Amino acid sequence: MELDSLYQEVILDHYKHPLNKKLQSDFTAQVHHVNPSCGDEITLNVNISAGIVKSVSWDGVGCSISQASTSIASDLMIGKSLDEALKIVDSFSDLMSSKGTMVGNEEILEDGVALAGVSKFPARIKCALLGWMAFKDAAIQSSKN
Ligand code: ZN
């Protein structure tokens, strides 16, 4: 798989120095998501109150794409309103289903656009989506609690 080298650096940097990769005990929902086709696995905690994402923390193992993507997603969601956060997830999902035809909106996705090239590799899309889908799942569960 070849990605733009600048983007590759962004991904490697998140992989080597993942953000929010330490589970916080103070959470409103916890989920565990796996991507069996690659062996990626994450546990993700969210703390959402009064419609604001107060914290997102996670732990996991897996390929660089899955771990970097979860780092990027967690960092983007913190401090956003729940509505805004879910829109960001949708925007990333659209990017991942674009088969390489979209570059992504950097204002919305920030470092997430570094993963745009992954959409050309169907086998890796689930790796890239893992953290985002885990966040969405946790956010929905949290709003039911
Ligand atoms: Zn993977």
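Only a predicted model underlies this, so the values are computations on that prediction, with no experimental measurement involved.
Listed here is the closest heavy atom pair of T70 and G131: OG1-CA, 3.4 Å. The two atoms that bring S71 and W58 nearest to each other are N-CZ2, 3.7 Å, heavy atoms only. In this structure, S142 and V46 approach most closely via the heavy-atom pair CB-CG2, 4.1 Å. Here the closest non-hydrogen pair linking L86 and A139 is CD2-CB, 4.3 Å. Scanning all heavy atoms of the two residues, the minimum distance from L95 to G112 falls at CD2-O, 4.2 Å. Nearest heavy atom pair, residue V34 against residue P36, reads O-CD, 3.5 Å.
Side chains of H32 and E41 form a contact here, defined as non-hydrogen atoms less than 4.5 Å apart. Inter-residue side-chain proximity for K21 and D59 is flagged as met; some heavy-atom pair is nearer than 4.5 Å. Side-chain contact check for Y7 versus V118: every heavy-atom pair is 4.5 Å or farther apart. Using a 4.5 Å heavy-atom threshold, the side chains of I65 and L115 count as touching. Taking the side chain as every heavy atom from C-beta outward, M77 and I88 approach each other to under 4.5 Å. N20 has its side chain out of reach of V56: every pair of non-hydrogen atoms, C-beta onward, lies at least 4.5 Å apart.
Atom SG of C63 sits about 4.5 Å away from atom CZ of R124, to the nearest 0.5 Å. Between the CD atom in Q24 and the NZ atom in K54 there is a gap of 14.0 Å [rounded to 0.5 Å]. Here the straight-line distance linking atom CG of L130 with atom CG of D40 works out to 6.0 Å at 0.5 Å rounding. Note that the OG atom of S37 and the CD1 atom of I125 stand 11.0 Å from one another [nearest 0.5 Å]. The distance from the NZ atom of K126 to the CG atom of L129 is 10.0 Å, given to the nearest 0.5 Å. How far CG of L109 is from CG of D94: 9.5 Å, rounded to the nearest 0.5 Å.
Of the residues listed (I42, N45, I140, D137), the one engaging V31 in a side-chain contact (heavy atoms from CB on, under 4.5 Å) is D137, and it is the only one.
Listed by chain and residue number, V10, H14, I72 satisfy the side chain to side chain contact (heavy atoms under 4.5 Å, CB included) test with D111 (two or more places apart in sequence, or in another chain).
Linking ILVMFWY side-chain heavy atoms closer than 4.5 Å, directly or via other members, places V113 and M96 in a single hydrophobic cluster. L76 and L82 fall within a single hydrophobic cluster, where Ile, Leu, Val, Met, Phe, Trp and Tyr are joined by side-chain heavy atoms under 4.5 Å apart, directly or via other members.
Judged by distance alone, with hydrogens and angles left aside, the side-chain atoms of S93 form a donor-acceptor pair with the main-chain N or O of V89 at under 3.5 Å. Side-chain N or O atoms of T28 include one that pairs as donor or acceptor with a backbone N or O of I48 at under 3.5 Å. Proximity of a side-chain donor or acceptor of S69 to a complementary backbone N or O of A128 within less than 3.5 Å is detected.
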